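It should be emphasised that the depicted structure is a prediction, and the values quoted were computed from it without experimental measurement. Proteins get letters first, then strands, A, B, ... in listed order; numbering begins at 1 in each.
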2 protein chains.
Amino acid sequence: MTPLNHALLGLIRAHPRSGYALLKVFETTPMGSYSSSPGSIYPALRSLEKAGLVDVRDPRDARGKGLYHITAAGRAALEQWMSAPIVDLDEALLRFAFLPEDDGPAIRAFLDAFEAAADAQASGLAAFLASDAATGMTAKSRIAVEHGRCRLTASAGWARAAKRHFSDE
Amino acid sequence: MTPLNHALLGLIRAHPRSGYALLKVFETTPMGSYSSSPGSIYPALRSLEKAGLVDVRDPRDARGKGLYHITAAGRAALEQWMSAPIVDLDEALLRFAFLPEDDGPAIRAFLDAFEAAADAQASGLAAFLASDAATGMTAKSRIAVEHGRCRLTASAGWARAAKRHFSDE
DNA sequence: CCAACCATGTAAGCTGTTACATGATTGA
DNA sequence: TCAATCATGTAACAGCTTACATGGTTGG
């Protein structure tokens with residue numbers, strides 16, 4: 001399962017959609033970073049279908065293919081992916097977007113884990129910068145690594161702000 | 001030319017290295033995000049060699065392959081890549097690390113461009129969030145986009161801080 | 001002498017990119 | 001009627017990942 005597959009599965013679970021409608025999501029929103037063109041989306045939908053995670057139903061009319069629906073197996077696969085430990089923050093962010101809208105505790109737990117992961121990664125870079133390996137590098141290389149640390153700190157800060165947002169509702 | 005190719009070329013320009021030494025750079029520094037294993041690095045070195053951007057010389061002894069040196073064509077290719085407009089910030093960061101150590105004006109110009117690109121991308125996300133498309137999305141999706149904006153703002157902030165660092169030297 | 005590391009590769013498989021191709025429908 | 005958009009694909013190609021394979025050398 002690639003990130004694109006997960007993105008498609010999550011969108012389809014939110015509500016059934018045609019391949020074209022899914023294509024448009026990637027073309028018109030920042031989700032576009034997960035794909036680019038029909039050449040990746042249609043084959044990915046095929047693979048989801050072949051894996052039994054989605055099925056196609058409700059052809060609107062003679063020409064259209066119909067709407068992709070998520071199957072029970074698809075739900076299970078998505079659930080498993082959603083509950084895996086956070087390693088990659090970008091992937092985690094995709095999972096965040098697919099979290100159930102109303103489950104406050106789950107959202108807060110996820111944000112806690114996200115913040116912890118971002119902090120841990122930031123600490124990892126800080127440790128690297130303090131190590132022998134870093135002192136041998138050029139000044140610019142170290143500052144480039146600093147950039148990574150800044151971004152991770154920003155990610156952790158975002159998680160804290162988001163938690164505040166979801167605590168008073 | 002893939003990011004990995006550029007990373008290799010930049011490292012080799014800094015000073016000649018063996019394939020194994022390059023491998024170790026990716027294994028032991030945050031540059032690892034550009035690669036992972038011999039399975040990508042050795043073929044990439046081959047392609048650089050075939051393209052005439054590097055050549056192999058100075059075999060240390062009978063068994064070793066020797067050291068990769070950058071060629072005139074390699075220098076030219078790197079130069080062209082370095083002076084292209086900034087589109088992708090991660091790629092730009094790699095370029096930053098390869099900027100000549102002593103050329104203050106070039107560094108400052110680059111950081112100006114980097115900051116402008118980060119600000120522009122952040123504005124793009126802000127515009128999206130203010131658009132009709134965003135109002136139709138779920139709250140969590142909007143907050144996920146916010147994360148992207150936070151990170152871009154952090155990137156711009158990093159560039160400003162780096163400029164201060166390079167102005168008093 | 002044996003494990004760890006130096007040093008270099010190959011091969012299968014999967015994914016994504018780019019570009020091309022097709023045909024129906026809708027609005028001006 | 002003609003362009004744009006809806007809607008769905010195919011095919012070539014390049015690249016990365018994973019896993020496997022091969023030998024030499026060094027330190028304990």
Run the side-chain donor-acceptor check on residues 36-50 of chain A: report pairs under 3.5 Å with partners two or more places apart or on a different chain.
{"unit_1": "A:Ser40", "atom_1": "OG", "unit_2": "A:Ser35", "atom_2": "OG", "d": "3.0"}
{"unit_1": "A:Ser40", "atom_1": "OG", "unit_2": "A:Ser37", "atom_2": "O", "d": "3.0"}
{"unit_1": "A:Ser47", "atom_1": "OG", "unit_2": "A:Ala44", "atom_2": "O", "d": "2.9"}

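Annotation: side chain of B:Arg17 is not in contact with side chain of B:Leu67 (no heavy-atom distance under 4.5 Å).
Screening residues 108-146 of chain B for ring pair (Phe, Tyr, Trp, His ring centres under 6.0 Å), with sequence neighbours left out, gives A:His147-B:Phe114, B:Phe114-B:Trp158. Screening residues 17-38 of chain B for ring pair (Phe, Tyr, Trp, His ring centres under 6.0 Å), with sequence neighbours left out, gives no hits.
Taking atom CG of residue B:Leu23 and atom P of nucleotide D:dT18, one finds them 14 Å apart after rounding to whole Å. Rounded to a whole Å, the CG atom of A:Leu45 is 11 Å from the C1' atom of D:dG9. If you take CZ of A:Arg17 and C1' of D:dC6, they are 17 Å apart, rounded to a whole angstrom. The interatomic distance linking B:Glu27 (CD) with C:dC6 (C1') rounds to 12 Å, in whole Å. Between the C1' atom of C:dC5 and the NZ atom of B:Lys24 lies a distance of 8 Å, rounded to the nearest Å. Remark: C1' of D:dA19 and OH of B:Tyr42 are 16 Å apart, rounded to the nearest angstrom. B:Leu8 places its CG atom 13 Å from the P atom of D:dG15, with the value rounded to the nearest Å. Distance, B:Leu48 CG to C:dT8 P: 15 Å, rounded to whole Å.
For DNA chain C, each stem of at least three Watson-Crick or G-U pairs (distances under 3.5 Å) is given as range with range: C:1-28 with D:1-28.
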inquiry  = Return a single string for nucleotides 14-20 of chain C, one symbol per nucleotide in 5' to 3' order, where B is base contact, S is sugar-phosphate-only contact and - is none, cutoff 4.0 angstrom on heavy atoms.
reply    = -SSBBB-
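Among residues two or more places apart in sequence or in another chain, the salt bridge (Lys or Arg N to Asp or Glu O under 4.0 Å) test is passed with A:Asp103 by none. Among residues two or more places apart in sequence or in another chain, the side-chain hydrogen bond (donor to acceptor under 3.5 Å, both in side chains) test is passed with A:Ser141 by A:Thr138. Residues passing the salt bridge (Lys or Arg N to Asp or Glu O under 4.0 Å) test with A:Arg13, sequence neighbours excluded: A:Glu79. Here A:Glu115 pairs with A:Arg160, A:Lys163 under the salt bridge (Lys or Arg N to Asp or Glu O under 4.0 Å) rule; sequence neighbours left out.
For B:Tyr20, no side-chain nitrogen or oxygen approaches OP1 or OP2 of C:dT8 to under 4.0 Å.
In summary, B:Arg142 and B:Glu146 do not engage in a salt bridge, as defined by a charged side-chain N under 4.0 Å from a carboxylate O.
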